[in-house]
2 protein chains.
Amino acid sequence: MSILFSRQCEYAIKAVVYLAVKKDGERVATNELTRRLNIPYHFVAKILQNLTKKGLLRSAKGPRGGFSLALPANEITLFDIVDAIDGTAFTRSCLLGFPECSGKNPCSVHNAWALQRESIQEMLVGKNVSQLARDMKKPEYQSRRKG
Amino acid sequence: MSILFSRQCEYAIKAVVYLAVKKDGERVATNELTRRLNIPYHFVAKILQNLTKKGLLRSAKGPRGGFSLALPANEITLFDIVDAIDGTAFTRSCLLGFPECSGKNPCSVHNAWALQRESIQEMLVGKNVSQLARDMKKPEYQSRRKG
DNA sequence: AGTATTTCGGAGTCTTTTCTCTGAATATAA
DNA sequence: TTATATTCAGAGAAAAGACTCCGAAATACT
């Protein structure tokens with residue numbers, strides 16, 4: 001099937017936005033996330049671990065431990081999260097997978113697709129999780145992709 | 001990683017465009033395709049078989065057999081190929097995977113992404129393989145995704 | 001100090017996608 | 001009619017992605 005981002009990346013976005021809804025620095029444990037976001041426990045744990053390594057989150061062990069944003073919510077964009085999890089290859093890669101497709105040697109869909117990519121990227125850079133959190137106060141927070 | 005279309009779909013597009021470059025009804029064997037497009041033999045064979053089942057291609061067995069377009073090149077759009085291989089879920093699905101995300105109950109990136117999807121779809125519908133074939137007369141036809 | 005809670009790190013399993021193989025069926029050409 | 005070139009069909013192997021498990025380390029609370 002294949003859609004723009006991996007599952008893991010979708011989950012990461014949901015989790016970070018969830019953290020952004022909380023007060024600054026408030027810690028949230030994996031347990032709460034798995035319940036509220038409906039993401040498998042061990043999987044979301046791993047994802048948060050990854051985000052921590054990338055410096056987007058801060059973690060604390062022990063009772064009352066958990067995860068919190070490492071930066072102000074308005075300084076974390078969707079793009080940052082996508083970059084941390086999936087990388088940014090999609091901003092460059094040819095739709096048809098030609099390795100040598102580029103501006104000076106474009107494949108036949110290069111230009112059209114290049115515009116699309118650009119505008120997707122702009123959207124991702126333009127949305128920070130503080131905005132998303134605001135929209136999301138009414139959390140119809142549920143899980144999984146349907147179809 | 002995950003990009004908009006599957007590998008199989010990329011390959012399908014390349015193959016169909018390759019056929020469109022040929023004269024009407026000219027048959028091309030799997031062998032030629034695998035060599036020219038650098039796609040694994042048995043894999044491209046399967047893909048062409050799929051496209052045949054979907055009615056986009058015609059096949060002929062035996063010596064001087066092979067595959068050819070089942071329709072005039074200007075009546076096959078990129079969208080048709082994507083539809084045949086990956087399906088069109090991407091035109092509907094929420095970027096974050098919320099199953100109940102929709103126009104009346106949008107997630108926080110719904111509207112932005114809905115516009116993107118729409119414009120991607122328009123591009124796919126707007127490009128037929130005859131146009132692509134024309135662009136591609138200078139075939140820098142090579143293989144695989146790099147990064 | 002001891003216990004409970006929580007993340008960390010690595011390895012392991014399951015599923016889907018990508019890619020391979022093989023044996024048959026069919027058509028062409030000599 | 002025989003040899004050969006080709007697709008067809010389905011099963012199988014390998015790699016990638018999604019998800020699980022477990023033991024260890026850290027911290028807070030009693």
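Labels below follow one simple rule: chain letters A, B, ... track the order of the sequence lines, proteins then strands, and each chain is numbered from 1.
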**Prompt:** Can you name the residues that form a ring-ring contact (aromatic ring centres under 6.0 Å, His included) with A/F43, not counting sequence neighbours?
**Reply:** A/Y11
**Request:** Enumerate the residues from residues 23-32 of chain A whose closest heavy atom to DNA chain C is under 4.0 Å, giving them by residue number; use none for an empty result.
**Result:** A/A29, A/T30
**Asked** With sequence neighbours left out, what residues match B/S68 under side chain to side chain donor-acceptor pair (under 3.5 Å)?
**Response** none
**Enclosure of A/K127 NZ (heavy-atom neighbours >12, cutoff 6.0 Å)** = yes
**Request:** Could you state the atom-to-atom distance from CG of A/L33 to P of C/dT6 in whole Å?
**Result:** 12 Å
**Item:** Spacing between A/I3 atom CD1 and C/dT16 atom P, to the nearest angstrom
**Value:** 17 Å
**Involving DNA chain D, stems made of at least three consecutive Watson-Crick or G-U pairs, both distances under 3.5 Å** = C:1-30 with D:1-30
**Request:** With sequence neighbours left out, write down each residue that passes ring-ring contact (aromatic ring centres under 6.0 Å, His included) with B/Y41, or none if nothing qualifies.
**Result:** none
**Prompt:** Can you name the side-chain contact (heavy atoms from CB on, under 4.5 Å) partners of B/P63, sequence neighbours left out?
**Reply:** none
**Asked** Hey, are B/R27 and B/E32 close enough for a salt bridge, meaning a charged N less than 4.0 Å from a carboxylate O?
**Response** no
**Request:** Could you tell me the separation between the CZ atom of A/F5 and the CD1 atom of A/I3, rounded to the nearest 0.5 Å?
**Result:** 9.5 Å
**Closest-nucleotide ordering on DNA chain C, the 5'-leading residue of B/G62 and A/A60** = A/A60
**Message:** In this structure, how many angstroms lie between the C1' atom of C/dC19 and the CD atom of B/E10, rounded?
**Reply:** 15 Å
**Message:** Rounded to whole Å, please give me the gap between NE2 in A/H42 and P in C/dG10.
**Reply:** 17 Å
**Distance, nearest 0.5 Å, that separates CD1 of A/I120 from CG of A/L78** = 12.5 Å
**Prompt:** For B/Q49, which residues count as a side-chain contact (heavy atoms from CB on, under 4.5 Å) partner, sequence neighbours excluded?
**Reply:** B/K46
**Item:** B/Q8 CD to C/dT20 P, straight-line distance once rounded to whole Å
**Value:** 13 Å
**Request:** Using only side-chain N and O atoms of A/Y11, determine if any of them is under 4.0 Å from OP1 or OP2 of D/dA18.
**Result:** no
**Asked** What nucleotide among D/dA5, D/dC19, D/dT6 has an atom nearest to a side-chain atom of B/K61?
**Response** D/dT6
**Message:** Among residues 43-57 of chain A, which ones have heavy-atom contacts with DNA chain C below 4.0 Å?
**Reply:** A/K46, A/Q49
**Request:** Quick one: list whatever passes salt bridge (Lys or Arg N to Asp or Glu O under 4.0 Å) with A/E26, sequence neighbours left out.
**Result:** none
**B/S6 side chain to B/D86 side chain, donor-acceptor N/O pair below 3.5 angstrom** = yes
**Complete:** Applying side chain to side chain donor-acceptor pair (under 3.5 Å) to B/S119 and not counting sequence neighbours gives A/Q116
**Request:** Pull out every residue in residues 64-72 of chain B that has a heavy atom closer than 4.0 Å to any atom of DNA chain D, ordered by number, or say none.
**Result:** B/G66, B/F67
**Request:** Starting at atom CD1 of B/I39, determine the distance to atom C1' of C/dT18, rounded to an integer number of angstrom.
**Result:** 13 Å
**Request:** For B/A114, enumerate each residue passing the side-chain contact (heavy atoms from CB on, under 4.5 Å) test, keeping only those at least two apart in sequence or located in another chain.
**Result:** B/H110, B/R117
**Asked** How long is the line joining CZ of A/R7 and P of C/dT17, in whole Å?
**Response** 10 Å
**Prompt:** Would you say the side-chain atoms of B/N50 and B/Q8 include a donor-acceptor pair closer than 3.5 Å?
**Reply:** yes
**Interatomic distance where OH belongs to A/Y41 and P belongs to C/dT6 [whole Å]** = 8 Å
